[in-house]
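Structure first, commentary second.
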Amino acid sequence: MTDNEIIEEAIRLVDEGVSVTFPVNGNSMLPFIIGGRESVILQKPIAPKAGHVVLAWADGCRYVVHRIIRIDGERVTLMGDGNLAGTESCFISDIKATATHVVDDKERTHYLYNRWRKSAARIWYWLRPVRRYLLAIYRRAKK
């Protein structure tokens, strides 16, 4: 199966009301979701809001698990927490699932929207000008 076929099967299950644990790859959601080590639990999206982490068909060409940074009518702007600049866009209808929890490498689940994580994500967003340095420190500390 290709990656897109696996993602589409996960979306089909989410549409049927099943929660799906989905592995995340890459570094685009550092430091909140560690690609290759952690997974997210996906559920059917209900009233997506800025700050939510979603699985979406972005820019009409690929699926991403990124955070919503803005909603303007039907247009949604997404950005990975580990990205230094660049955003993606989609329509609300392109949001296929909402991530509700992170599952770490010890199989512990962590709710993505508790007060601490929501505050940390807001602060992290405003730290965009210095993310490059913070992420470099983080990556060196994790090695």
Side-chain angles (χ1 to χ4, degrees), residues 2-15 18-143:
T2 67
D3 286 348
N4 274 0
E5 289 172 331
I6 293 168
I7 293 169
E8 288 168 5
E9 180 62 15
I11 292 167
R12 186 187 67 74
L13 291 168
V14 165
D15 282 344
V18 177
S19 292
V20 175
T21 302
F22 191 77
V24 178
N25 292 317
N27 295 318
S28 69
M29 286 302 289
L30 284 175
F32 298 104
I33 302 171
I34 302 167
R37 287 187 23 210
E38 295 181 328
S39 300
V40 292
I41 295 177
L42 299 175
Q43 294 184 351
K44 194 170 193 160
I46 299 171
K49 297 190 273 189
H52 284 185
V53 176
V54 297
L55 170 65
W57 181 249
D59 296 328
C61 64
R62 64 188 176 114
Y63 287 105
V64 296
V65 174
H66 282 172
R67 192 175 303 276
I68 296 173
I69 59 171
R70 183 175 29 263
I71 299 176
D72 296 313
E74 291 295 310
R75 296 289 299 171
V76 178
T77 304
L78 307 164
M79 183 178 197
D81 293 335
N83 292 355
L84 301 175
T87 60
E88 294 92 9
S89 63
C90 67
F91 293 101
I92 287 181
S93 60
D94 293 325
I95 296 173
K96 305 304 182 183
T98 299
T100 58
H101 294 78
V102 174
V103 182
D104 66 22
D105 52 356
K106 294 179 180 150
E107 299 296 321
R108 295 177 298 200
T109 60
H110 307 278
Y111 185 58
L112 276 172
Y113 307 108
N114 62 30
R115 188 179 329 171
W116 179 89
R117 284 185 181 264
K118 285 171 42 176
S119 296
R122 270 194 297 277
I123 292 167
W124 186 250
Y125 177 75
W126 293 110
L127 289 173
R128 284 173 304 170
V130 295
R131 275 187 190 178
R132 172 183 324 277
Y133 309 107
L134 297 173
L135 285 168
I137 292 166
Y138 176 83
R139 286 184 180 119
R140 284 189 182 98
K142 288 296 183 180
K143 286 185 179 183

Measure the [atom1]-[atom2] distance between [X] and [Y] for me, rounded to the nearest 0.5 Å.
X	Y	atom1	atom2	answer
W126	I123	CH2	CD1	12.0 Å
Y113	K49	OH	NZ	10.0 Å
Q43	T100	CD	OG1	4.0 Å
L134	L84	CG	CG	10.5 Å
E38	N25	CD	CG	12.0 Å

Looking only at non-hydrogen atoms, find the nearest pair between [X] and [Y] and report the distance.
X	Y	answer
I95	P45	O-CG, 3.7 Å
P48	I71	O-CD1, 3.3 Å
S39	P23	OG-CA, 3.5 Å

Step-by-step side-chain contact (heavy atoms from CB on, under 4.5 Å) determination, L78 to V64: CA-CA 9 Å; L78 307 164; V64 296; 4.0 Å; yes
query: Side chain of E9, backbone of I6: donor and acceptor closer than 3.5 Å?
result: no
Output all residues satisfying side-chain contact (heavy atoms from CB on, under 4.5 Å) with [X], sequence neighbours left out; order by chain, then residue number.
X	answer
K44	V14
A99	V40, L42, V53, L112
W116	N114, A120
N27	L30, R139

So ring-ring contact (aromatic ring centres under 6.0 Å, His included) across residues 60-84, not counting sequence neighbours, yields W57-Y63
Atom CG of N4: over 12 foreign heavy atoms under 6.0 Å: yes
If the condition is ring pair (Phe, Tyr, Trp, His ring centres under 6.0 Å), which residues does [X] pass it with, not counting sequence neighbours?
X	value
F22	none
Y125	none
F91	none

Tell me, which pairs form a salt bridge (Lys or Arg N to Asp or Glu O under 4.0 Å) where one or both residues lie in [range], sequence neighbours left out?
range	answer
residues 54-66	R62-E88
residues 104-114	R37-D105, D104-R108
residues 66-80	R67-D81, R70-D72
residues 126-136	none

Only residue of I41, I33, T109 satisfying side-chain contact (heavy atoms from CB on, under 4.5 Å) with V102 is I33
* So, do L55 and I11 sit near enough that their side-chain heavy atoms are less than 4.5 Å apart? -> yes
